[in-house]
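Before any comments, here is the structure.
Bear in mind the structure is a predicted one, so any value in this text is a computation, not a measurement.
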Amino acid sequence: MKHQPHQPHQSHQPHQPHRKHRTPYDFDTPLDRRGTASVQWDGVADRFGAAGLLPFTISDMDFASPPPVLDALRERLAHGVFGYTDWRLGPFREAICDWFARRHGTGLDPERIVYGPSVLSQLSQLLRMWTRPGEGVVVHAPTYDGFRRTVTGLGRRLRPVAVGDEEGLERELARPDAKVLILCSPHNPTGRVWTEDELKGFARLAGEHGVAVISDEIHADFVHEGHRHLPWTGFADDGGRWAVVASASKAFNFPALNGSYGVIGDPGERTAFIRRMETGEGLGSPAVLSLTAHVAAYRHGAGWLDAARAYVAGNLAMLEERLRSAFPDLGWEPPQAGYLAWIDLRALRVDDEALQRELVERERVAIMPGTVYGAEGFVRLNLGCPRSKAEAGADALVRALTRLA
């Protein structure tokens, strides 16, 4: 399935640091998420050993979902009947295809779309289909911890390759037991947006070595100015073994509604996937509120998304300014996509455990250590939040590093 000519998505103005955007959406006012069973807020003690920390951790945002999504959910709730539903009967697939055409200039065949409870549940099912226990699954490093848990939990061998290491990637894909390349596009945690040449290279290597590709594109809609996401569907062989897994939940902030979709190229593989989901996993009916949220987000949420991306870009610019002011040699730059700041601190020669102690015990903030993603000397800071919170996190990190560096 090749790219159609690119159609520009909805326009938005580049962010000017420290200049307030004129927008109908309020991203500045903090929303109290405590007491809502929030993993980021209420679950912080489970990971960091201390309660009451200001969290910058798991990748959801502290913003309410877009008004069109909330309105659609209220309308669906008001209907009052929540019987069994089928994702193939409503406008779910049509909304996805329309979004890809408008936002990414890419045509999709609605018959290739499938539904899954989450991106990771789809990944797990595809790995069961395309690999056996003990076989190799290649990923880019640093590696999203959800991939690590899923691959190793299924008894497959995780084969990490550093981002940018083309020789290493070919070496791992050439192994006889390498069966799948998991491509995180854009990449989490680095925020890297793969170029056309890089994606063509991945497709060539996968084809040469008979390796299936699963492209996780859940971060695709949060790409920043100057970069463009290119869906894997534009590089995949129609007859090959490949899948794209994605969801609107990351960009529009409704992951707890539990719903995702995928695109599977081969008709036989697609049929097998749906059968496995419906029988082996007991997925007789999707999460109807997730279907509602997806349709509303993709049909009416573009304005909110553009405003949210611009606001987050301001948070990232603020962090860049404060890091450069305190540590000029660090050379940190904002990510190309997403609201997760992946920061290389190795030049400061700061001990990871000492930094975490400073952050937790003295600064009272929770910031993810790079070791979670297999990388020492890094941290991942979630800036999908009001500016006041982002500034508090940036200042806490700078103070802790200043004391240790």
Side-chain angles (χ1 to χ4, degrees), residues 17-18 20 25-65 145 188-189 191 222 250 253-256 308-309 311-327 330 332 334-335 338-345 348 350-373 375 377-405:
H18 309 300
K20 187 174 178 63
Y25 310 105
D26 180 9
F27 300 110
D28 282 317
T29 303
L31 299 176
D32 188 357
R33 299 180 61 191
R34 291 168 294 189
T36 64
S38 164
V39 173
Q40 181 166 188
W41 287 83
D42 297 324
V44 68
D46 294 338
R47 184 184 289 270
F48 291 87
L53 305 180
L54 187 64
F56 300 86
T57 56
I58 194 168
S59 58
D60 63 13
M61 294 185 282
D62 290 325
F63 307 139
S65 294
D145 54 320
N188 177 17
F222 224 93
K250 189 70 65 176
N253 207 38
F254 52 83
R309 289 190 305 107
Y311 187 90
V312 167
N315 285 347
L316 294 167
M318 175 275 299
L319 175 63
E320 179 183 27
E321 180 180 289
R322 297 191 183 191
L323 286 176
R324 287 184 181 275
S325 177
F327 309 105
L330 204 58
W332 184 79
Y339 46 82
L340 305 171
W342 179 249
I343 308 173
D344 184 351
L345 301 173
L348 301 181
V350 171
D351 179 76
D352 287 348
E353 293 184 3
L355 176 58
Q356 284 298 313
R357 284 195 299 270
E358 287 289 318
L359 292 171
V360 171
E361 297 173 8
R362 189 161 177 177
E363 295 296 340
R364 303 296 295 166
V365 297
I367 297 174
M368 298 292 271
T371 50
V372 172
Y373 315 98
F378 290 77
V379 292
R380 195 188 78 167
L381 181 69
N382 181 345
L383 292 185
C385 58
R387 187 66 44 80
S388 58
K389 182 189 174 190
E391 290 175 338
D395 289 343
L397 178 61
V398 168
R399 285 193 300 265
L401 289 172
T402 300
R403 290 193 295 269
L404 294 173

For [X] and [Y], indicate whether the former's side chain and the latter's backbone hold a donor-acceptor pair under 3.5 Å.
X: Y339; Y: S59; result: yes
X: D145; Y: Y373; result: no
X: T402; Y: V398; result: yes
X: N315; Y: A390; result: no
X: S65; Y: N253; result: yes

Between [atom1] on residue [X] and [atom2] on residue [Y], distance to nearest 0.5 Å:
X: I58; Y: Q40; atom1: CD1; atom2: CD; value: 7.5 Å
X: I367; Y: F48; atom1: CD1; atom2: CZ; value: 8.5 Å
X: R322; Y: W332; atom1: CZ; atom2: CH2; value: 12.5 Å
X: L31; Y: K389; atom1: CG; atom2: NZ; value: 11.0 Å
X: L383; Y: M61; atom1: CG; atom2: CE; value: 12.0 Å
X: L319; Y: R324; atom1: CG; atom2: CZ; value: 10.5 Å

Quick note, salt bridge (Lys or Arg N to Asp or Glu O under 4.0 Å) partners involving residues 34-56, not counting sequence neighbours, are D32-R34
What pairs of residues pass the salt bridge (Lys or Arg N to Asp or Glu O under 4.0 Å) test when at least one of them lies in residues 353-362, not counting sequence neighbours? E358-R403
Would you call the rings of Y311 and F27 parallel, tilted or perpendicular, where under 30° means parallel and over 60° means perpendicular? tilted
Taking every non-hydrogen atom, the tightest pair across [X] and [Y]:
X: W342; Y: P189; result: CB-O, 3.2 Å
X: C385; Y: N382; result: SG-O, 4.2 Å
X: G384; Y: V312; result: CA-CG2, 4.3 Å
X: M318; Y: E391; result: CE-N, 3.6 Å
X: V44; Y: A50; result: CG1-O, 3.9 Å
X: A341; Y: L316; result: CB-CD2, 4.1 Å

Pair L404-L355, side-chain contact (heavy atoms from CB on, under 4.5 Å): steps then yes or no: CA-CA 7 Å; L404 294 173; L355 176 58; 4.0 Å; yes
What I'd like to find out is whether the side chain of [X] reaches to under 4.5 Å of the side chain of [Y], using heavy atoms alone.
X: D352; Y: Q356; value: no
X: V379; Y: L345; value: yes
X: D28; Y: S388; value: no
X: R33; Y: D60; value: yes
X: L340; Y: P335; value: no
X: W41; Y: L53; value: no

Pairing residues for N188 by the side-chain hydrogen bond (donor to acceptor under 3.5 Å, both in side chains) criterion, not counting sequence neighbours: R380
